[in-house]
Amino acid sequence: MPSNDSLARASGNVKWWKNANIFQIWPASYKDSNGDGIGDIQGIISTLDYIKALGVNTIWISPMYDSPQIDMGYDISDYESVYPPYGTLDDMDQLIKGCHDRGMKLLLDLVINHTSDQHKWFQESRSSKTNPKRDWYIWRPAKYDADGNRQPPNNWMSCFSECAWTWDEHTQEYYLHLFCVEQPDLNWTNEECRREIYRSAMEFWLEKGVDGFRVDTVNMYSKPMDFPDAPIVDPLSKYQPAGTLYCNGPEMHKYLREMAAILARYDAMTVGELPLTPNTKDVLDYVSLKDPQLSMVFQFDLVDIGRGPVDMMKLTGYKLSALKAIINKWQTFIEGNDGWTTVFSENHDQGRSVSRFASDAPEHATNSAKLLAMLNTTLTGTMFIYQGQEIGMTNVPKDWPIEEYLDVGSINYMKLIKEKLEATGASEEEKAKAVHEALLNINAVGRDNARTPVQWDSSPHAGFTTGKPWMRVNDNYKKINAAAQINDPDSVLSFWKRMIGLRTKHSSLFTFGSFHLLEPENEQTFSYVKKSAEGDEKALVVLNFTDQAQEFKLPTEDGANWSLLQGTQPVEDPTSAPLKAYEGRVFVNFGARD
Ligand code: TEU
Ligand code: CA
């Protein structure tokens, strides 16, 4: 049965964002144009041809709005102006035009669950209980325990390992912040507040010509307004993770329909961040075209794999079969309906994929990066690639001291670990061991890994800046950098270009095809077949996820006549040679078309 997409494509009527391949930029660490050590918009503009040459057609830029930068711009103090070190509104106009002139679209980051505490709305809200904007944020009176001590309204822990409520001396109430203390949550039940969010954060930029938004924490706007306690899952901690209570609240769909009506006027796309939403049915409710809300979402099962359910920084390990099951689930959940899916394995909140899912050992890093490039570019959905991923950047070295980690998430996590050790009266030796383990966890999955400056070349500071970089450059920049790769046909960068080219050329297979997992229990090799909706094109992808050679035999049962489309490493006879360590191959069978 032809899917909706194949019919839509036949009539030339497919939504533009389904064909988008999207490059994410995190401004602070991307490219510095003026030597102050901080990336900026002119730096981005200077590399638009580099991005275009990758073969992507859309750019998403993480927050570049004015902000005190407590959470690297996810704490916005003014939606309608630019953080001065990054540039000006004129620079943004230039960037929008620079993208459009090259046939690329531009997405901004829409962060509207919370603002900065420096935003004028919050400044007014906190000024008095009777201020007209008091109700634009979430204020609650204190509770008192049996001893008469003041306590927050409930036991929720913020996403950054602290109490989710902060006491305001001036007006003698608590305000809610699901993230930093400096990121108060907006009160979405207030209609006037919602209207002003839409105008200031969305329409202001849509009018300037941006093509859509990546939407931060999109399922957290609607909270249970009676604020029940979260179940105690970590008895050592005073506060408890409460995501299952504040994600996907009662009014979520109503708010998103309001936003969708505005976005539709501009044919703008959205990709919403959807943590803690494991059921396909719930995800479909957000992305079905029948009831327009979001174009697509980021579902987090893949990047959360191997992390503790309570302590997300803790490494628990995982099997390849579990990774396959996750990919299979989110590849196939759009079958037989009008939903859409995304493909991503990195962003600014995650460790580098080479280090997490394959191997960053010097002898394997290049092959691993190509292996993962092959995975990403052959999967169905809108594909995202994060700055530095295209050259195979890796996690920071394990021996960096904690002082090099600048992310509030890493810093607060270490603080919490130390507090818990104090509370349990651990010995000095136990403490040292636990702190060391925490550092290794931060090194593996901490957000700092994705935030080191982009490695442009082998000059000092990796060519990111002529000044002093705001964050330490990864020590391996002399080996891993864009300049060394750009003219090398065997580089990771050239491989990504080739694969994105193939993805674009054979979009009916790779972007739109159906996904069929082979050998789900195989713990060494990840194999799958992609089929075009018309059924006349097929691809077979085989990926060796180990550092050992693996036997390989082309499947023959279905009579397909496979020929190699692309491999990650040179091989004599790709149809029978064992797969080398971290090697991948894509075969195709163009059936009736040949
Ligand atoms: O992140 C939200 C967030 O913390 C989760 O979605 C998390 O990434 C997920 O559960 C995967 O493990 C967003 C931004 O991406 C982040 O940089 C900000 O700090 C945060 O919102 C607050 O705006
Ligand atoms: Ca700069």
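Atoms within each ligand, like the ligands themselves, are counted from 1 in listed order. Being a predicted model, the structure only gives us computed values, none of them experimental.
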Worksheet item: Are any side-chain N or O atoms of Asp75 and backbone N or O atoms of Ile70, one a donor and one an acceptor, separated by less than 3.5 Å?
Response: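 Checked: pair present.
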Item to complete: List, ordered by chain and residue number, the protein residues whose closest non-hydrogen atom lies under 4.0 Å from any atom of ligand 1.
Response: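 Within 4.0 Å of ligand 1, the protein residues are Asp71, Tyr74, His114, Phe160, Phe179, Gln183, Arg214, Asp216, Thr217, Glu273, Pro275, Phe300, Asp304, Met312, His348, Asp349, Gln350, Arg447, Arg451.
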Worksheet entry | Test log, rule side chain to side chain donor-acceptor pair (under 3.5 Å), inputs Asp71 and Gln183 | CA-CA 8 Å; Asp71 185 21; Gln183 286 168 302; 3.0 Å; yes
Discussion item. Can a side-chain donor-acceptor contact be found between Gln42 and Gln94 if the only test is distance below 3.5 angstrom?
Written reply: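 Yes, Gln42 and Gln94 have a side-chain donor paired with an acceptor closer than 3.5 Å.
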Worksheet entry | Option from Phe227, Tyr239, Trp139, Tyr137 for which ring pair (Phe, Tyr, Trp, His ring centres under 6.0 Å) with Trp165 holds |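 For Trp165, the ring pair (Phe, Tyr, Trp, His ring centres under 6.0 Å) check succeeds only for Phe227.
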Can I get a per-line list of side-chain donor-acceptor pairs under 3.5 Å for residues 242-251, giving both atom names and the distance, sequence neighbours left out?
from, atom 1, to, atom 2, distance (Å)
Asn248, OD1, Asn219, ND2, 3.2
Asn248, OD1, Tyr286, OH, 2.6
Asn248, ND2, Thr277, OG1, 3.0

Discussion item. I'd like to verify the contacts: list protein N, O or S atoms under a distance of 3.0 Å from the Ca ion (ligand 2).
Written reply: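 Protein N, O or S atoms closer than 3.0 Å to the Ca ion (ligand 2): Asp32 OD1, Asn34 OD1, Asp36 OD1, Ile38 O, Asp40 OD2.
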Worksheet item: Looking at side-chain heavy atoms only, is the closest gap between Phe204 and Tyr79 below 4.5 Å?
Response: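 Counting from C-beta outward, Phe204 and Tyr79 never come under 4.5 Å.
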Worksheet item: Would you call Ser410 and Tyr413 a side-chain contact if the rule is heavy atoms closer than 4.5 Å?
Response: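 SC-SC contact between Ser410 and Tyr413 ruled out.
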Discussion item. Test of understanding: with side chain to side chain donor-acceptor pair (under 3.5 Å), list the residues that count as partners of Glu196, not counting sequence neighbours.
Written reply: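 Side chain to side chain donor-acceptor pair (under 3.5 Å) list for Glu196, sorted by chain: Arg199.
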Practice prompt. Over all heavy atoms of both residues, which pair between Ile112 and Trp188 is shortest? Give the atoms and the distance, please.
Written response: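 Of all heavy-atom pairs spanning Ile112 and Trp188, the closest is O-NE1, 3.0 Å.
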